[in-house]
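In what follows, a single structure is set out as structure tokens and then discussed.
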Number of protein chains: 2
Amino acid sequence: MANSRSTENSTIQAVDAPSCDVSCDESLVHLDNVRQVQPEVLSTEKAQRMAEFFSALSDPHRLKLLSALAQQELCVCDLAAAVKMGESAVSHQLRVLRSQRLVTYRRQGRNVYYGLADDHIMSLYREVAEHLDE
Amino acid sequence: MANSRSTENSTIQAVDAPSCDVSCDESLVHLDNVRQVQPEVLSTEKAQRMAEFFSALSDPHRLKLLSALAQQELCVCDLAAAVKMGESAVSHQLRVLRSQRLVTYRRQGRNVYYGLADDHIMSLYREVAEHLDE
DNA sequence: GTTACCACTGAACATCTGTTCAGTGGATTG
DNA sequence: CAATCCACTGAACAGATGTTCAGTGGTAAC
């Protein structure tokens, strides 16, 4: 982190006080626009949580796993076979999906069966699929 | 850019022969389940494209940029001020958003004004926000 | 109890991502 | 045209991500 220090910069600094933000210089930016928009900008905390959620969906293998689970419940070794990954890798990825509550799981004998947590997810999936088909 | 070249191909290949898949061993996995699910699994190509899309949304700074643009059109330096980033960093991130057609842009004088490409995106945003509020 | 299987975990490694810094190109102003 | 501003780009670096490998814990079958 460590903000830019006093290296004679001009635009990056001190943006905390709404009374004198944006390097105290109105000519460099359109202060009125910035003022208007700034309070509507996602909070760092929310942005972070949302980013983590999308991040869970930002891997092809995880998406394949979800598309498999959209069909039916499956145990880890079946999932591994279906998407052609090692079981260890699948376990690691399922951990990510679990952390974002995208999947559920239950133990039955030696196997652990995973399933989609939410139909919610499928509608999301379809919306994105539409967006990409343009 | 620059997709994975021909450096590896072990796991992405040969998904065609349902007659002898999954290490040719029925006892290790539930072959019937795998058979049933496998054809519904997202293709590597589609999974890749979808992953890239979600990847564009998987960064807090980019989400902040989008939330700002959801309010109104803004030029780069205003965006930088609104989300407290350097202008160069903003430019790099906007490149990512452009590549997924999440934003539009137009030049006006010395400035380049960016805006949300699609209301589509906002509904996506809201769905995820709901999911996270549980 | 012993063995075998399924799933999870931690460490190590290669790769990808995002920021900063320095420099370039386009457009306006004097 | 010289100076200035705005935005984009490439290189370099630090940090995050995903896979493999080896090992652990729980459960069922012998």
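Chain letters run A, B, ... following the sequence lines, proteins first and then strands; every chain starts at 1.
We find that CG of Leu74(A) is positioned 15 Å from P of dC6(C), with the value rounded to whole Å. The distance from atom CG of Leu79(A) to atom C1' of dC6(C) is 13 Å, rounded to the nearest whole Å. The nearest whole Å value for the distance from the NE2 atom in His30(A) to the P atom in dC6(D) is 8 Å. Rounding to whole angstrom units, NZ of residue Lys84(A) and P of dT19(D) are separated by 16 Å. Met85(A) has its CE atom 11 Å from the C1' atom of dT20(D), to the nearest Å. Atom pair Leu97(B):CG and dT17(C):C1' shows a separation of 14 Å (rounding to whole Å applied). Rounded to whole Å, atom P of dT9(D) lies 5 Å from atom CZ of Arg95(B). Atom P of nucleotide dA27(C) and atom OH of Tyr113(B) are separated by 16 Å, given to the nearest angstrom.
For Asp59(A) and Lys64(A), the salt-bridge test fails: no basic side-chain N is under 4.0 Å from an acidic carboxylate O. Taking a cutoff of 4.0 Å between a charged side-chain nitrogen and a carboxylate oxygen, Asp78(B) and Arg35(A) do not qualify as a salt bridge.
A sub-4.0 Å separation between OP1 or OP2 of dC5(D) and a side-chain N or O of Asn111(B) is absent. Look at Gln93(A) and you won't find any side-chain N or O under 4.0 angstrom from OP1 or OP2 of dT17(D).
Within the 4.0 angstrom heavy-atom criterion, only backbone atoms of the sugar-phosphate kind lie near Tyr114(B); the bases stay farther away. Within the nucleic acid shown, His61(B) comes within 4.0 Å of sugar-phosphate atoms alone, with no base atom in reach, counting heavy atoms only.
In this structure, His92(A) does not pack face-to-face on the six-membered ring of dT19(D), missing the 5.5 Å centre cutoff or the 30° plane limit.
Counting only heavy atoms from C-beta on, Val112(A) has its side chain closest to dC8(C) among dG18(C), dC8(C), dA7(D). Nearest to the side-chain atoms of Ser88(A) among the listed nucleotides dT19(C), dG18(C), dC21(D) stands dC21(D). Checking dT17(D), dC5(D), dT20(C) against the side-chain heavy atoms of Arg110(B) singles out dC5(D) as nearest.
Using cut-offs of 30° and 60° for the angle between ring planes, the His131(A) and His120(B) rings count as perpendicular.
In this structure, Arg98(B) satisfies the cation-pi test against Tyr105(B), with its NZ or CZ atom closer than 6.0 Å to the six-membered ring centre and inside 45 degrees of the ring normal.
Both Arg107(A) and Ala89(A) lie near DNA chain D, and the one whose nearest nucleotide falls closer to the 5' end is Ala89(A). Comparing Gln108(A) and Val90(B) against DNA chain D, the residue whose closest nucleotide sits nearer the 5' end is Val90(B).
Side-chain contact check for Arg106(B) and Gln108(B): at least one donor-acceptor pair (N or O, by modelled atom type) lies under 3.5 Å.
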